[in-house]
Number of protein chains: 2
Amino acid sequence: MTEKPKRRDTAGLIAAELAGTAKPHTAYELLERLRPSGVFAPTTVYRALEKLLASGKIHRIESLNAFVACRGAEGAPHDHGHGELGIGFTVCDRCAAVAEFEDASLQSRIEAAAAAGAFVPRSSIVEIHGLCAACAGEGPAAGRP
Amino acid sequence: MTEKPKRRDTAGLIAAELAGTAKPHTAYELLERLRPSGVFAPTTVYRALEKLLASGKIHRIESLNAFVACRGAEGAPHDHGHGELGIGFTVCDRCAAVAEFEDASLQSRIEAAAAAGAFVPRSSIVEIHGLCAACAGEGPAAGRP
DNA sequence: ATCAATTTGTAACGTTATAACAATTACGAC
DNA sequence: GTCGTAATTGTTATAACGTTACAAATTGAT
Ligand SMILES: [Zn+2]
Ligand SMILES: [Zn+2]
Ligand SMILES: [Zn+2]
Ligand SMILES: [Zn+2]
């Protein structure tokens, strides 16, 4: 049986919006979608996003200022905390689809690069831009639409 | 002998501001600094930044919305075009110092991760947050000041 | 019931980035 | 020279992204 929360669960609403799509959504896109549910202020959205980020349920794509649900490497949600090294994303510049990957040897390369500069790493951001498999078949790219 | 440009060389002014420091500057910080030189509008700054990015003279740090001069891996400017795979940055969360590195094996890991998802990479973003050598010695971190 | 702690809401503001269009400068053709 | 054109720069306004400060509501204890 599903519990009906006494308070509105903004984080839950956002998680639901992000689930089921590989397209990132900006905070203001989410705000628009949650307006019918009574969410009217950016603050509310950003607070909920913060919680979801902290719990690892979503990820922020820095180069898009947007957010995606965590899907793990294989489509199944995994249990990394936030900020771990060795995870990354591919971002299609044509259709905006984002895929997540986790790669231990990428992680070790990042740690090695940090070590080479006597740098103590705490988190890393890896975002690969290009064309997804579907879009690569459809002729040359068109910037970042 | 140095050529005196007939037009104001906004890109040159920005390059001069960014040279000689490892601290990233935002577009609006640069605007403030260029105000005495007669630059008053964000547009002007962003246009100049665009050119500098295209020519590889500066890099954009996505996670800070800020810009640093290209210094290459060893402190000497190198000649990568923009968007190449395999370059990355360390970003100190305490003092904001940014260092650039280039790592062929990191590049090959990124290409492999892309290939695993049938993704065609065109550019990559690698930013490692943590503490620089100087700051790591000074006690625990303090968020991202 | 009263209290303090937590969560949510509201309003205003600050920062980052772009769009649309006008004015100026450079430069070759005439 | 001056005309025409392309490239660059300037101006104004606006869009997009994010935070601060504080008020109101909910909760769970005492
Ligand atoms: Zn994830
Ligand atoms: Zn695509
Ligand atoms: Zn560089
Ligand atoms: Zn530091």
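Per chain, numbering begins at 1; letters A, B, ... match sequence-line order.
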Asks: Let me spell it out: for each of Thr44(A) and Phe67(B), pick the nucleotide of DNA chain C with the closest heavy atom. Which residue's pick is nearer the 5' end?
Replies: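 Taking each residue's closest nucleotide, the earlier one in sequence belongs to Thr44(A).
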
Asks: Quick one: list whatever passes side-chain hydrogen bond (donor to acceptor under 3.5 Å, both in side chains) with Glu111(A), sequence neighbours left out.
Replies: Gln107(A)

Asks: Taking only residues two or more places apart in sequence or in another chain, which ones pass side-chain contact (heavy atoms from CB on, under 4.5 Å) with Ala114(A)?
Replies: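 Result, side-chain contact (heavy atoms from CB on, under 4.5 Å) vs Ala114(A): Phe119(A), Pro121(A), Ile128(B).
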
Asks: Starting at atom CD of Glu50(A), determine the distance to atom P of dT19(D), rounded to an integer number of angstrom.
Replies: 8 Å

Asks: For Ser105(B), check side-chain hydrogen bond (donor to acceptor under 3.5 Å, both in side chains) against everything at least two apart and list the hits.
Replies: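 If we apply the side-chain hydrogen bond (donor to acceptor under 3.5 Å, both in side chains) test to Ser105(B), skipping adjacent residues, the hits are Arg109(A), Asp103(B).
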
Asks: Side chains of Ile125(B) and Ser123(B): closer than 4.5 Å at any heavy-atom pair?
Replies: no

Asks: Could you tell me how far apart Leu64(B) (CG) and dC17(D) (C1') are, to the nearest whole angstrom?
Replies: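 Distance check: Leu64(B) CG to dC17(D) C1' gives 15 Å.
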
Asks: I'd like to check the side-chain contact (heavy atoms from CB on, under 4.5 Å) partners of Ala69(A); sequence neighbours left out, ordered by chain and number.
Replies: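 If we apply the side-chain contact (heavy atoms from CB on, under 4.5 Å) test to Ala69(A), skipping adjacent residues, the hits are Leu18(A).
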
Asks: Could you list the residues that satisfy side-chain contact (heavy atoms from CB on, under 4.5 Å) with Thr21(B), not counting sequence neighbours?
Replies: Lys23(B), His25(B)

Asks: Between residues 17-33 of chain A and DNA chain C, which residues have a heavy-atom gap below 4.0 Å?
Replies: none

Asks: Identify, with sequence neighbours excluded, every residue that meets salt bridge (Lys or Arg N to Asp or Glu O under 4.0 Å) alongside Glu17(A).
Replies: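 Salt bridge (Lys or Arg N to Asp or Glu O under 4.0 Å) list for Glu17(A), sorted by chain: Arg33(A).
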
Asks: Which residues within residues 35-43 of chain B lie with some heavy atom under 4.0 Å of an atom in DNA chain D?
Replies: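 Hits under 4.0 Å, by residue number: Ala41(B), Thr43(B).
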
Asks: Under 3.5 Å, which N/O atoms of the protein pair with N/O atoms of nucleotides 6-8 of chain D?
Replies:
none

Asks: Are Arg60(B) and Asn65(B) close enough that some pair of their side-chain heavy atoms sits under 4.5 Å apart?
Replies: yes

Asks: Per the salt bridge (charged side-chain N to carboxylate O under 4.0 Å, His left out) rule, what does the pair list look like for residues 125-135 of chain A, sequence neighbours excluded?
Replies: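 For residues 125-135 of chain A, and leaving out neighbouring residues, there are no salt bridge (charged side-chain N to carboxylate O under 4.0 Å, His left out) pairs at all.
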
Asks: With sequence neighbours excluded, what pairs up with Glu32(B) under the side-chain contact (heavy atoms from CB on, under 4.5 Å) test?
Replies: Arg35(B)

Asks: Nearest whole angstrom, please: distance from the P of dT8(C) to the CG of Leu49(A).
Replies: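 To the nearest whole Å, that distance equals 13 Å.
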
Asks: Give a yes/no answer on whether the side chain of Asn65(A) brings an N or O atom under 4.0 Å of OP1 or OP2 in dA16(D).
Replies: no

Asks: How close or far is atom P of dT16(C) from atom CD of Glu62(A), stated in whole angstroms?
Replies: 14 Å

Asks: Name every donor-acceptor pair, under 3.5 Å, that has one atom in a side chain of residues 36-52 of chain A and the other anywhere in the protein, sequence neighbours excluded.
Replies:
none

Asks: Rounded to whole Å, please give me the gap between CG in Leu53(A) and P in dC17(D).
Replies: 16 Å

Asks: OP1, OP2 of dT10(C) versus side-chain N and O of Arg47(A): anything below 4.0 Å?
Replies: no

